[in-house]
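Taking it in order: structure first as structure tokens, then the write-up.
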Amino acid sequence: MGFPAPLFGRRRETNPDMKAALALLLLLATARAEHRGKAYVRDKVCQEFQALGKEDFRTLTIIANSRKFSNATFEEISHLVHEIVSLAETCCVEGADPSCYDAGSSALSAKSCGAGSPFPAHPGTAGCCAQEGLEQKLCLAALRHPPQQLPRYLQPSNEELCQAFKKDPKDFADRFLHEYASSYGQAPLPVLLGSTRTFLSMVSTCCISPAPTSCFLKEKLERKTLSLLTLLSNRVCSRFTAYGKEKVTFSYLASLAQKMPGASFEDLFPLAEDAAEVFSQCCDSVAEDCMQKKLSEHTAKACGALVARDERFADCCNGKNLMQSYFCILALPPAPAPKLPEAQKPTNEQLCGEEGARHAKRYLFELARRHTTVPDAFLGKLYDASEKVRVECCSAKDSSACLDSKRQQMGEELHPFLEKANQLCGQYTKLNFLDFKKRLRESLMQTMPKASPELLGQLVEQRADFASTCCPPNSPPLYCAAKMHPSKPRSPDQGVSVCPTAGVGLLNPIVLMGIRGTP
């Protein structure tokens, strides 16, 4: 048994029917279409099924639902896909009763709401099932899992791939589509489709080749740019989804500031705005080349603006294709912080004026380039706090008094907040991992001399896990933000949260017990 030929049996651009289908599948998968009634949904699904044929329709349904329900098991996705394909196969044939689709979809909704449903579980299912008719169906269609923060798909060895492929090609393809789409579900659907298509084509070609090793090497080189695009677009779109356009502009700005702290706000802010615009246009786009085209254009702008100012950027931009250049820039570690005078705070009038958001970003930019190892999660919390203050005070009766009060409070919290974060991630950046953990243990032994070896070991592992995940560039935003949330105090035998907090202020300054600077 082979793969469906229209998707995996050839290496060419997606066919026109597939392009048209992408738009509808994304629409149905995210349930953003306006409510136009039963006939509209039935007609669109049937157009999709007839244009693609059963196998391609099934493939895209696996991808779309694996993206939607990223925490679902393969078995749960398989049950759902089987029901959706069977419904289309039964009700989209010529001469089918017009009520067939509505009756079948109602039965599918009832099965979703029944005890022991085989479909992906979701906390919102009960609320949807309390509704009736079309509203219930639309509610169920709109359910989705939060995206995976840390992609779980690990590509097996060539030998393992071929062993699984030869055992059952169809099952291998289905499982790969599920695992890959759920892991990289924030990548735009056309990018994800292209990446899975070329991967499965590579496997089906090389596993029957007389020289599989050289075949895999050649094919992997050919799809390297697409693999990078999938990885990068999943990262940037995850951040865009979590942050929104304004905050992702600041996040990108702060990242550039830490990599090139000698550059000015005027140098970097337009690039941050341009990147955020690319993400806003392409993360949900069904245009086949949107992300690659727009991200390449953005990278060309960044390289043109920055190569003459920094040799590390010049190395990234020299002699590589633009996707590789972009990946290289994102992966650059922070530069040493230059010695700069204290950052000038914006005035109350500036913060509450028309350009208030820009002035706030400028000040936070100045902090970021003075503390180059403070990670995105900490800077994001600082951004949230400053925006909350700005919105609250600028709408207050006496905005100046409000801002002055908040400035004083934030001023008391800001220095320890930044220093603790800078110390933790600075040590993580400078030391190898074993030395970093050794330093953590030494610091904890000084601050907690009566702690048991078991507790010390637990705390070292917690802080090392936080640092290894959240200090590097491109750390998962929601995962790291959750790690910073204050938690209830625990007894010594329960351990201590990764980032315990001291007091409850604007920032909840991070204490990170035992994390100290180099003596």
Side-chain angles (χ1 to χ4, degrees), residues 71 146 148-154 183 238 242 258 331 333-334 336-337 371-382 384-385 412-519:
N71 295 316
Q148 290 185 27
Q149 294 301 302
L150 300 169
R152 65 189 177 196
Y153 177 75
L154 295 175
S183 286
S238 294
Q258 292 178 323
H371 300 84
T372 56
T373 58
V374 173
D376 179 81
F378 289 78
L379 293 173
K381 190 168 181 63
L382 186 58
D384 291 340
E412 294 169 356
E413 299 175 4
L414 186 59
H415 182 71
F417 180 86
L418 291 174
E419 286 305 310
K420 292 297 180 182
N422 219 33
Q423 288 169 10
L424 174 70
C425 290
Q427 287 186 4
Y428 176 79
T429 302
K430 293 174 185 175
L431 302 174
N432 67 54
F433 195 58
L434 290 178
D435 287 341
F436 174 70
K437 290 177 71 172
K438 182 180 178 181
R439 181 66 58 83
L440 287 178
R441 179 175 285 276
E442 292 171 352
S443 297
L444 284 165
M445 289 174 66
Q446 292 177 18
T447 56
M448 303 175 65
K450 296 183 180 180
S452 68
E454 293 78 13
L455 178 58
L456 285 174
Q458 181 186 6
L459 296 178
V460 167
E461 291 302 321
Q462 287 177 337
R463 284 152 179 74
D465 175 68
F466 176 84
S468 64
T469 307
C470 300
C471 288
N474 309 305
S475 56
L478 294 180
Y479 176 88
C480 294
K483 288 287 187 181
M484 292 177 58
H485 285 170
S487 59
K488 294 179 181 179
R490 302 181 182 184
S491 61
D493 60 324
Q494 291 176 303
V496 182
S497 61
V498 173
C499 294
T501 57
V504 180
L506 289 173
L507 299 176
N508 285 317
I510 305 302
V511 173
L512 291 165
M513 289 170 48
I515 309 300
R516 296 180 176 176
T518 305

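The analysis underlying the following values was restricted to heavy atoms, covering all of them including side chains, and did not include hydrogens, waters or symmetry mates.
- Taking both residues in full, the closest heavy atoms of S468 and F433 are given as CB-CE1, 4.1 Å, listed atom of the first, atom of the second, then distance.
- R441 approaches G457 most closely through the heavy-atom pair NH2-CA, 3.5 Å.
- If you check the side chains of D376 and S475, you find no donor sitting under 3.5 Å from an acceptor.
- The structure places NZ of K438 at 12.0 Å from OG of S443, a figure rounded to the nearest 0.5 Å.
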Test side-chain contact (heavy atoms from CB on, under 4.5 Å) applied to L382 and L414, step by step = CA-CA 9 Å; L382 186 58; L414 186 59; 3.4 Å; yes
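- The shortest heavy-atom contact between H371 and Q258 is O-NE2, 3.1 Å.
- The CG atom of L440 lies 9.5 Å from the CD atom of E461; values are rounded to the nearest 0.5 Å.
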Can you check side-chain contact (heavy atoms from CB on, under 4.5 Å) on K381 and F417, steps first, answer last?
-> CA-CA 10 Å; K381 190 168 181 63; F417 180 86; 4.2 Å; yes
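- Between the T373 side chain and the C425 main chain, no donor and acceptor come within less than 3.5 Å of each other.
- In this structure, F378 CZ and L424 CG are separated by 6.0 Å, a value rounded to the nearest 0.5 Å.
- Taking both residues in full, the closest heavy atoms of T372 and P336 are given as OG1-C, 4.1 Å, listed atom of the first, atom of the second, then distance.
- Note that CZ of F466 is 9.5 Å distant from OH of Y479, once rounded to the nearest 0.5 Å.
- Scanning both residues, V374 and L418, for their nearest heavy atoms gives CG2-O, 3.7 Å.
- With R463 as the partner, the side-chain contact (heavy atoms from CB on, under 4.5 Å) test is satisfied by one option alone out of L459, D465, V460: L459.
- The two atoms that bring Q427 and F436 nearest to each other are C-CD1, 3.8 Å, heavy atoms only.
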